[in-house]
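So the structure is just underneath, and the comments pick up after that.
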Amino acid sequence: MSDASLNALAAQLAAKQVSSRELAQQYLDRITALNPSLNAFITVDADKTLAEAATADARIAAGRAGPLTGVPIAHKDIFCTDGWLTTCGSKMLHNFVAPYDAHVIQRFKAAGMPSLGKTNMDEFAMGSSNETSYFGAVKNPWNTAYVPGGSSGGAAACVAARLAPAATGTDTGGSIRQPAALCGITGLKPTYGLVSRFGMIAFASSLDQAGPMAPSAEDCALLLNVMTGFDPNDSTSLERDKEDYTRDLEQPLTGLRIGLPREFFAEGLNNEVAASVEAAVTELKKLGATTIEISLANSQLAIPVYYVLAPAEASSNLSRFDGVRYGYRAPEYTNLDDMYCKTRAQGFGAEVKRRILIGAYVLSHGYYDAYYLQAQKIRRLIANDFTEAFKSCDVILGPTAPGTAFKLGEKSDNPVEMYLNDLYTIPANLAGLPGMSLPCGFDSQGLPIGLQLVGNYFSEAKMLNVAHQYQRATDWHARVPEGLK
Amino acid sequence: MKWETVIGLEVHTQLATQSKIFSGSSTAFGASPNTQASAVDIALPGVLPVLNKGAVECAIKFALAIGATLNRINVFDRKNYFYPDLPKGYQISQLAKPIVEGGVLTFLVGDTERTVNLTRAHLEEDAGKSLHEDFHGMTGIDLNRAGTPLLEIVSEPEIRSSAEAVAYARALHTLVTWIGICDGNMQEGSFRVDANVSVRPVGQAEFGTRREIKNLNSFKFLQQAIDYEVRWQIETLEDGGRIEQATVLFDPDTGETRMMRSKEDAHDYRYFPDPDLLPVKLDEDWIESVRNALPELPAAMQLRFQSEYSVSAYDAGLLTGSRALAEYFEAAACACGQGKLVANWVMGELSATLNKAELDITQSPVSARQLGALVARIQDGTLSGKLAKLVFEGLWEGAGEVDAIIEARGLKQMSDSGELEKIIDDVLASNQKSVEEFHSGKEKAFNALIGQVMKASKGKANPAQVNDLLKAKLQ
């Protein structure tokens, strides 16, 4: 059961070989056994999960099942979930029980997929190692001395350890793709606007996008079918016809033009990662693809641009956490200002405070033009580079992260080094483009390596096709850590 | 030294939409605290704003009504500051690209026409309310008002006195209620005025340092606050002091303004475009359909009243004080074809009676048709002015239609000269003293005789006719 694909699980449910309740119980048992060493979940509530599974079973029995009805899924604790603790990995929301469902949660509920619980994450999705969570660091299932990546580290770890067949994640600067790479699973960040942000606790609104995380591209395609679609509650949600993201999975790759950005294979890239990614390119060529070298010159500015824009938006988005209406409030204070100061000083962790300070600074009077406005202009240039590149290629390929998982604590004292982990993933967020990460090998220490695909706007089906064909030819995505099988 | 006052007004008008500007909650006033606050209004984690098109349409109407430029692409910004009744920690407003720019407002100050240019008008959301009185040692927060749409209308600093400021504010109040974008209820905070006030020596080109008086919710307070502030600023300067830029509050109990915060405490609002909202695009078809649905505006109606009904500019101004009043006047005038006379009745007897009863024109027990019928009976000689007032009283009491009241109460003016002559003869016979006085040259005695005749006729005699007949008989 533990390495079953979503299609396989759905088939077993349809054939009544297993009930949704039984399936959910199997995963809950696995969570009980393995989560203490991984810390991938913040909240597990077996009663709620089993009740949802029972509802799914009733649907199946009544012949009203959808393609994934009864298959359980884990949700990142950034999605408001009615009746569930929704913490966003922060002390600030350690006691916040959401009174409503995020759009993404609504869709999975409508699809009849029971929730296995809420996965751990970097506080307010700010981090690349999952070490900033108020609920403790998540461990990488491949080696628990190592980080799983972040911010969707709990989601990546729980899928890698098969504590859940699939999980939801969110990606602002690489928070789906980088942990997917570091944990050896597949994760996709859709085109900005394809998945509603309603009910997803905002970090940087113009960059945040939810997406699926699962062992395979095929699984991700099925999940994307559930997640995407117009939502009138999100003004940045795109109104377009519903797509079936599985439609092109089996297409051959003959004639596929892969763009290789020279900037993504330059200084700073770990040799073992480079070798694995190059081997993957060779494999794709065998499947009929051709390659072309491209340039994304302005992508080198992606990190500084991102660390102006994302904190700017975050500093404003996180203002609502003021101790007045919900969440944490300092126990003692002398007046209103003191209540604000103590609540926010005690309720936010160091990384969140750092970004709020940076954000407030770049938006402040006299600095706005030099930082925020300038960063917006460069953001446009970075997007323009992609538009130009897609004139000569169908998909862009490179490493997801410059290296493999690093040790817990190794980079936590050096924020800039930590930020460099998102060097290759941030440009897609800035441009609003879809990107995905898929496993393409292991380093000498047995840690997974991920390759990244970046597609043109709305080319998710094409990217999934490329990833699926690669996964048919390889088995990196099917591997499970020793001892967790 | 002679001083000149410089005033610019910022008016927050609550827009008369059913629901809030970024959520579906009701905007109705007076509900129990926090019963009209949705997840979006409370700013729960994860919620997002969705723009209410109705609010945008209100802004379009306003722009068309003042001849302003409508920015075909306009942008919502976040204005960041912390306050307990500002749930998100930022207010969604428009800074760099407001929906409305420019425009003019023309109005009368006494008999003099004034034109003030507008700088801009932008859409934003209202905050909630902090209730300091109701909870001992604590502050209550009511978020019912949070997210109510506002159009903030900013004038150029072209206003030069408190009287002008009040006239401007009244004209603006008339306009926004006229075009139906605001209910104009000042007690409920639907129309709130901030006044930026400074003084400078007459002849000086640069402005003095301004202080902003916040949240004036009546025209009376607006006048009092500006008058106090101007006196205070002049006295301060003449005493050798300096004016520091500040935000002040007006206390109606003391009639004084007091400092709320100085420039040093001023917020850095860290404005930036709201990434949750797309730029608003106004297409031409939309603008045209709004234009076609606009009612005739007060300025145009004033000109028309002057030419069609021969009323003075001043009267036309009064008659267009509200759309309801103007419509009433016009309906009554059309009913009898006597615009000038109807105008006198509307601004005289009707207004006075309504004021006394504390009713507004829409609640008048006397309909426009009835007033028209009444004026028609004056015009055709059936009623004297005095009798007409009696008929008006009957109308007010709901005693029926004009002719029925005249009939039932016997209020028809006496037109039979034989009957009148008999009354005059009786009066002359029984008032010999007055007759003698008249003949000895006392003009007053003639008026006394007329009074006696009117009395004897129970007011039904036609005064002009009495005058003529009496004169003839005394010669």
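All values derive from a computational prediction rather than experimental measurement. So you know, we letter chains A, B, ... as the sequences are listed, proteins then strands, and number each from 1. These numbers come from the heavy atoms of this one structure, side chains and all, not from hydrogens, waters or symmetry mates.
Side chains of Thr236(A) and Leu278(B) form a contact here, defined as non-hydrogen atoms less than 4.5 Å apart. In this structure, the side chains of Pro45(B) and Tyr326(A) come closer than 4.5 Å at one or more pairs of heavy atoms. By the 4.5 Å heavy-atom criterion applied to side chains, Phe82(B) and Asp337(A) are not counted as neighbours. Side-chain contact between Tyr340(A) and Pro84(B): present, with at least one pair of heavy atoms (C-beta onward) separated by less than 4.5 Å.
For chain A, no part of Tyr269(B) is nearby; none of its heavy atoms comes within less than 4.5 Å. Only the side chain of Leu336(A) comes within contact range of chain B, with at least one heavy atom under 4.5 Å from a heavy atom of that chain. Only the side chain of Leu93(A) comes within contact range of chain B, with at least one heavy atom under 4.5 Å from a heavy atom of that chain. Phe321(A) touches chain B through its side chain: at least one heavy atom from C-beta onward sits under 4.5 Å away, while N, CA, C and O do not. Both the backbone and the side chain of Asp276(B) come within less than 4.5 Å of a heavy atom of chain A. Contacts of Phe96(A) with chain B are made by side-chain atoms alone, with heavy-atom separations under 4.5 Å and no backbone atom involved.
When all heavy atoms of Glu313(A) and Arg78(B) are compared, the closest pair comes out as O-NH1, 4.1 Å. Residue Tyr100(A) comes nearest to Gly46(B) through the heavy atom pair OH-C, 3.3 Å, listed as atom of the first residue, atom of the second, then distance. Between Val50(B) and Asp234(A), the closest heavy-atom pair is CG2-N, 4.4 Å.
Note on Ile42(B), Ile141(B), Leu277(B): by heavy-atom pairs under 4.5 Å with chain A, the leading option is Ile42(B). Heavy-atom pairs under 4.5 Å with chain B peak, among Arg325(A), Met200(A), Met339(A), His365(A), at Arg325(A). Residue with the most contacts toward chain A among Ala43(B), Gly89(B), Pro49(B), Ser23(B): Ala43(B) (heavy-atom pairs, distance under 4.5 Å). When each of Pro232(A), Ala202(A), Ala360(A) is scored by its heavy-atom pairs under 4.5 Å with chain B, the top score falls to Ala360(A).
Side-chain polar atoms of Ser364(A) and Arg270(B) form no donor-acceptor pair below 3.5 angstrom.
The main-chain N or O of Leu44(B) is found under 3.5 Å from a side-chain atom of Arg320(A) such that the two form a donor-acceptor pair. When atom types are taken as modelled, the side chain of Asn80(B) and the backbone of Ser316(A) share no donor-acceptor pair closer than 3.5 angstrom.
In this structure, Lys91(A) places its NZ atom where more than 12 heavy-atom neighbours from other residues, nucleotides or ligands lie under 6.0 Å away. Sparse packing is recorded around CZ of Arg380(A), with 12 or fewer heavy atoms of other residues, nucleotides or ligands lying under 6.0 Å away. No more than 12 heavy atoms of other residues, nucleotides or ligands lie within 6.0 Å of OH in Tyr367(A), so this atom counts as exposed by the packing criterion. Annotation: Arg210(B), atom CZ; neighbour count of heavy atoms from other residues, nucleotides and ligands within 6.0 Å does not exceed 12. Atom CZ of Phe250(B) has more than 12 heavy atoms from other residues, nucleotides or ligands within 6.0 Å. For Glu288(B), the CD atom counts as densely surrounded, since its 6.0 Å shell holds more than 12 non-hydrogen atoms of other residues, nucleotides or ligands.
Between Leu86(B) atom CG and Ser319(A) atom OG the span is 9.0 Å, to the nearest 0.5 Å.
Aromatic ring centres of Tyr368(A) and Phe272(B) lie farther apart than the 6.0 Å criterion allows.
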